[in-house]
Amino acid sequence: VWVLSFRDLTAAQKTALQTYFNDVAKGPSNTFSYTHTDGTVYAGVRFLDNVLEFSRIDGGAFFTCSIKLLIAAEVDD
């Protein structure tokens, strides 16, 4: 399980992430590919949570969010 923490998300970035979570990944239902910052692409990734939780920071101008991902390549059969 990987935990990704995002800080200082704009309202547009929050909306884009929420839309992808709801409409594409459908929460933990569908798998997707994740590209790590080192360029490695992981297939068969899924969200672990049923909902994304955002918190307002910096006087409400930005948002923070932590996301838990299950990486299929790291799951033992």
Self-check item: Candidate list W2, Y34, F21, test ring-ring contact (aromatic ring centres under 6.0 Å, His included), partner F47, passing option
Solution: F21

Quiz prompt | Transitive ILVMFWY side-chain link Y42 to L4, under 4.5 Å | solution = yes

Practice problem: State, yes or no, whether a side-chain contact exists between P28 and L48 at a heavy-atom distance under 4.5 Å. | Solution: no

Quiz prompt | Closest non-hydrogen atom pair, R46 against S29 | solution = NH1-O, 2.7 Å

Quiz item: Distance from K14 atom NZ to L52 atom CG, nearest 0.5 Å?
Solution: 9.0 Å

Exercise. Check whether any side-chain heavy atom of V24 lies under 4.5 Å from a side-chain heavy atom of N30, and answer yes or no.
Key: no

Exercise. Return the orientation label for the F54 and F63 ring planes: parallel under 30°, perpendicular over 60°, tilted otherwise.
Key: perpendicular

Self-check item: Non-hydrogen side-chain atoms of R7 and D58 separated by less than 4.5 Å
Solution: yes

Quiz item: Which pair of non-hydrogen atoms, one from A43 and one from A72, has the smallest distance, and what is that distance?
Solution: O-CB, 4.0 Å

Quiz item: If we only count heavy atoms from C-beta on, is the T35 to T40 side-chain gap below 4.5 Å?
Solution: no

Quiz item: Of the non-hydrogen atoms in L9 and Q13, which two are nearest, and what is the gap between them?
Solution: CA-OE1, 3.4 Å

Quiz item: Can L70 be reached from V41 by stepping across I, L, V, M, F, W or Y side chains whose heavy atoms are under 4.5 Å apart?
Solution: no

Self-check item: Beyond-backbone contact of T31 with V45, side-chain heavy atoms, under 4.5 angstrom
Solution: no

Quiz prompt | Heavy-atom closest contact (F6 atom, I67 atom, distance) | solution = CE1-CD1, 3.5 Å

Exercise. Step by step, work out the side-chain contact (heavy atoms from CB on, under 4.5 Å) result for D8 and I57.
Key: CA-CA 7 Å; D8 297 328; I57 57 173; 3.5 Å; yes

